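Below is one structure, written out as structure tokens; the observations come after it.
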Amino acid sequence: MLSRRSFLAAGFTTGLPSLVPSADFGEPFTLGVASGDPDPGGFVLWTRLAPDPLAEDGFGGMPQEPVPVQWQVLADPAGRTVVRSGTELAVRDWAHSVHVTVTGLRPGRPYWYRFKAGPYVSPTGRTLTAPAPGTIGRPLRMAVCSCANYQHGYFTAYAAIAAEQPDLVLNLGDYIYEQGSDHLLGPGGNVRDHGGPEAVTLADYRRRHALYKTDPDLRAAHAAAPWVAVMDDHEVVNNWTNLIPAERRQAAFRAYYEHLPLRPAARPGGTAVQLYRRLRWGGLATLHVLDTRQYRDPHLCGAGFNDCPAPDGPSRTMLGLDQEQWLLDGFHRSRARWDLVGQQVFFGQRDRDPGPGRLVRQDAWDGYTAARMRVSEGWVEAGARNVAVLTGDVHAHWAGDLVLDYDDPAARPIGAEFAVTSITTGGDGTDVDPVTDPLPAVNPRLKLHLRHRGYLMLEITPSTLTAAFKIVRYVSRPGATAETAATVRLHDRVPGLGAATA
Ligand SMILES: [Fe+2]
């Protein structure tokens with residue numbers, strides 16, 4: 001426990017009216033600190049008080065009462081200059097999580113932050129503000145990640161992301177997995193244990209999120225940079241569509257919000273959560289973050305790879321009408337050098353049938369081809385200068401060209417897709433995969449495929465977008481080093497990868 005003097009030294013006040021005697025809870029910052037969704041004037045700061053993170057009732061060992069949490073934004077990592085400060089009330093209804101919307105800061109620079117609750121001071125996190133509107137400053141260094149199954153391995157790739165000290169971390173979902181301890185990763189079994197059955201209730205989802213944040217590598221990745229996070233399916237249940245019971249969706253959405261640095265607009269109401277949104281990085285990049293789960297039409301033929309005989313009607317939707325219109329409007333209004341579309345499921349065609357048939361994954365955009373065409377034509381008609389789609393979900397690295405007509409070998413690229421591999425899901429990677437290795441031969445638009453765990457590191461300048469495909473060679477034990485297995489570069493006003501693939 002810190003002495004009165006040590007938290008005075010940290011610059012926090014002592015005169016704050018405390019509604020709870022501090023003796024009523026122990027060290028509460030077990031889940032770390034986080035920041036997210038930066039704009040030119042600020043960002044969101046997050047923490048959650050949980051002295052007993054895995055407490056059975058999902059409340060993290062906190063008392064019933066609200067607890068005031070002081071926060072500070074610092075101009076330097078040592079905390080010599082406090083530039084903003086305030087107090088938020090952490091309440092039991094939201095599992096004593098805290099979301100602070102900070103405004104009025106200077107654009108395009110790093111800041112640091114910390115919290116205090118009772119006598120306890122949190123670790124210090126690093127974050128950034130976005131550049132001023134229209135300006136192009138330093139290159140943007142953005143890490144992209146998805147799919148971190150705790151049972152499948154160690155979060156070594158998160159530690160590597162933390163070490164990169166990126167400007168942004170884009171998390172494309174499967175941040176947690178809902179599966180129970182009995183859900184085994186094939187031969188060799190699980191590396192770690194979820195410690196309970198499949199998450200269904202609010203208490204289950206809260207405990208699962210808390211378990212993930214007990215991992216020091218995940219906490220380090222949050223503390224290193226602001227995150228832009230969006231969910232995929234496993235934050236609720238495998239391959240969910242809006243047919244999943246409302247009560248379960250509500251529980252999963254609420255726990256997701258409680259554990260991520262999301263803006264108040266993303267606070268779930270009823271059975272809906274607003275996660276699609278747009279972030280601008282000056283005049284350099286606009287990031288359109290999509291939600292491909294909540295508003296989609298049901299699968300026509302299940303979620304897996306199959307040759308669906310049912311016709312994909314022209315009105316079927318992946319994004320829902322509102323989000324689709326919002327995206328197309330965004331392409332029209334964007335003045336950025338780079339339009340980045342962060343989303344969950346594979347966008348370009350991936351056909352497993354070497355013959356004339358089409359054996360495609362129905363859960364991905366291949367199962368929603370009319371919607372894919374509307375979105376693709378939308379950015380072409382809008383005259384978007386450079387488009388790159390960033391994708392999660394597939395547990396392997398991929399890079400490919402996007403076209404309007406995948407059956408036309410002469411079709412010119414209209415953009416590129418980079419799909420990021422998993423942090424751990426699938427366990428240790430391989431050099432060969434007999435199922436996916438033939439795909440580039442069948443789909444000449446697919447240029448690069450790697451089967452190890454890892455993340456993507458993008459460096460974006462006005463003239464180039466360079467994607468470093470990072471891999472770790474094992475996750476079944478800690479300590480792998482992150483290697484750059486391939487590098488791909490896009491050039492301003494040259495859609496697609498061309499011959500650029502390394
Ligand atoms: Fe996944």
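Nothing fancy with the numbering, it's 1 onward along the sequence. Reckoned from all heavy atoms, side chains included, excluding hydrogens, waters and symmetry mates. Given the structure is predicted, the values throughout are model-derived calculations rather than measurements. In listed order, ligands and their atoms are each counted from 1.
- For D407 and R358, the salt-bridge test passes: some basic side-chain N is under 4.0 Å from an acidic carboxylate O.
- Of all N/O/S atoms in D174, OD2 sits nearest the Fe ion (ligand 1).
- For the pair D329 and R278, the salt-bridge criterion is not met [side-chain N within less than 4.0 Å of a carboxylate O].
- At a threshold of 2.8 Å, the Fe ion (ligand 1) has a backbone or side-chain N, O or S atom of Y177 nearer than that distance.
- Taking the Fe ion (ligand 1) as the apex, the angle formed with SG of C147 and NE2 of H395 is 90°, to the nearest 10 degrees.
- We find that R451 and D437 are joined by a salt bridge, their nearest charged nitrogen and carboxylate oxygen being less than 4.0 Å apart.
- We find that E459 and R489 are not joined by a salt bridge, their nearest charged nitrogen and carboxylate oxygen being 4.0 Å or further apart.
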